[in-house]
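For reference, the structure discussed in these notes is given below.
Basis for what follows: all heavy atoms, side chains included, without hydrogens, waters or symmetry-related copies. Below, chains carry the letters A, B, ... as their sequence lines are ordered, and counting in each starts from 1. As the structure is a prediction and not an experimental result, all values here were calculated from the model.
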2 protein chains.
Amino acid sequence: MDALPGRNNGVADELLQYSRSGDDVKITESVFDSHETIFFEGDPSDRVYEIVDGVVMLYKLLPDGRRQVVEILGAGDIFGMASSDLYDTSAETLAPATIRHTVRRQAEQSEGWQQHMYTKLLHQLEDMHEHAVLLGRKSAFERVSTFLMKFVIDRGGVGCVGPKLDAPDESLVTLKMTRQEIADYLGLTIETVSRVLSTMKKRGLIVMPKQDRILIKNVCGMCHMTGMHE
Amino acid sequence: MDALPGRNNGVADELLQYSRSGDDVKITESVFDSHETIFFEGDPSDRVYEIVDGVVMLYKLLPDGRRQVVEILGAGDIFGMASSDLYDTSAETLAPATIRHTVRRQAEQSEGWQQHMYTKLLHQLEDMHEHAVLLGRKSAFERVSTFLMKFVIDRGGVGCVGPKLDAPDESLVTLKMTRQEIADYLGLTIETVSRVLSTMKKRGLIVMPKQDRILIKNVCGMCHMTGMHE
DNA sequence: CGATCATTTGACACCGGTCAAGTTTTGTGG
DNA sequence: CCACAAAACTTGACCGGTGTCAAATGATCG
């Protein structure tokens, strides 16, 4: 999966910028492989993280093992803030990632940082609102369509320009999530995700040259299957 | 529905406290009846609101009318912040409410306000994570149980003390939402909510002296049906 | 090339949605 | 306070979309 389009995939300099107000603030940059755990739900929330590059998912587990992926974050996004002294989710990379971290207490003492967080958290909250609609009210087909559209840049949003006329309206999406992770994000089972993709293939809506490459043949058509248009 | 337990139901003085940094900041306090709309999704997001008293829901609609209630807010909670210049949800009172508002641009210019928002938004985000688990992974029975437990103060949380032994572990909940609103919050239909409550009644888990009064006969037992314990 | 894991596909069950009555509650006017 | 209408809620019958379980197929990596 490529970094999510839409906002701040630029240089990740927020921690650097805002943590300097203290005296000996240490910023550490680490490289993670794909599917490495950064922290677990319930761990002491003593660090905040910023994604320089890569993809990270936040998820929660129920005691019987059911999992819900609650957020998918990309370059420029920040995570690890917590309202208690424990993380409320686990964090795991979905793709190789470069991630900076610093001490949460220090970051939070910086006024500028908290102001920056205001913007970041608002975005995250609005994304969660949208995702709640998906989880609570959309069919399996609509969920997968919405998911695929997330990775099509500059399309499907409020200011969607629509397809260029008399040109194929295609877009190639490269997934960096397994079917299980997609299912856990969309509130479905792995089998349902697979079946929906197969149906889309059968109907000529997508082509799948590899399991993790999906060519959307008609972006505008796909967009109208998300339940969000018309 | 009573104000949600758990955090900041005290005096709502945040707007007052933090908006004073500008010179002629105007704070307006209004009284709303039950089921009055405060703003609609897509309206210009020029005000921020603080609940002094009452209950407010935020919801989103799909074009075909499907509705998802994404947040339920009580005294001390703040809403109307937006990352764009349009509200991403509609806001409507669930109970008679006293609500303060001020100009968003003015509030956001206040450093202290943004810092305060950091804490507020973190809480809201964590609530949304929890709600995503409910919407994505819980059965109808678990959803309704979880919903009812929201209104039982000091129980079911991480530090749950459990029931007092040799005493009935009861709790009376007064709902301020219609079945339709509960359904739209839990991602169910009105009929399913009704059926689950009837089943709980049949099993002696609850007593319903009125449609909006639910006496939980065994809080600890109810808590174990939320899917969150063992 | 074989072992292992991920994905797809099939058969079937069942939870929760849909549609359609009933029933209870609420609100209004006399 | 009652009569009536309207709204909210409950209940039943039925069905369809997803989940479950199992097997087959395809991908990946020594």
Quiz item: Can a salt bridge be assigned to the pair B:Glu130 and B:Lys150 using a cut-off of 4.0 Å between side-chain N and carboxylate O?
Solution: no
Quiz item: Okay, side chain of A:Thr93, backbone of A:Pro96: is any donor-acceptor separation there less than 3.5 Å?
Solution: no
Quiz item: Pick one: which of A:Glu71, A:Gln124, A:Gln68 meets side chain to side chain donor-acceptor pair (under 3.5 Å) with B:His129?
Solution: A:Glu71
Self-check item: Any residue of residues 188-195 of chain A with a heavy atom less than 4.0 Å from an atom of DNA chain C
Solution: A:Glu191, A:Ser194, A:Arg195
Self-check item: Side chain to side chain, B:Arg137 and A:Arg67, heavy atoms closer than 4.5 Å
Solution: no
Quiz prompt | Nearest-nucleotide 5' precedence on DNA chain D, A:Ala140 against B:Gln180 | solution = B:Gln180
Quiz item: Could you state the CG-P distance from B:Leu175 to D:dA8, rounded to the nearest angstrom?
Solution: 16 Å
Self-check item: Whole-Å gap separating P (D:dC9) and CD1 (B:Ile182)
Solution: 8 Å
Quiz item: For DNA chain D, whose closest nucleotide is more 5', that of A:Ser139 or that of A:Asp212?
Solution: A:Ser139
Polar-atom pairs under 3.5 Å, protein N or O versus N or O of nucleotides 25-27 of chain D: list them with distances, or write none.
none

Quiz item: Does the pair B:Arg66/A:Glu142 count as a salt bridge with the N-to-O cut at 4.0 Å?
Solution: yes
Exercise. Name the orientation class of the two ring planes belonging to B:Phe39 and B:Phe79 (parallel below 30°, tilted from 30 to 60°, perpendicular beyond 60°).
Key: tilted
Quiz item: Below 4.5 Å, heavy atoms only, C-beta onward: do A:Met228 and B:Leu62 meet side chain to side chain?
Solution: yes
Self-check item: B:Ser45 side-chain N/O to B:Ser84 backbone N/O, donor-acceptor pair under 3.5 Å
Solution: yes
Quiz prompt | Leading and trailing nucleotides of DNA chain C with any atom under 4.0 Å from heavy atoms of chain A | solution = C:dT7 to C:dA11
Self-check item: Parallel, tilted or perpendicular: rings of A:Tyr185 and A:His131 (30°, 60°)
Solution: parallel
Quiz prompt | Non-hydrogen atoms of B:Thr189 and B:Ala183 that approach each other most closely | solution = C-CB, 3.5 Å
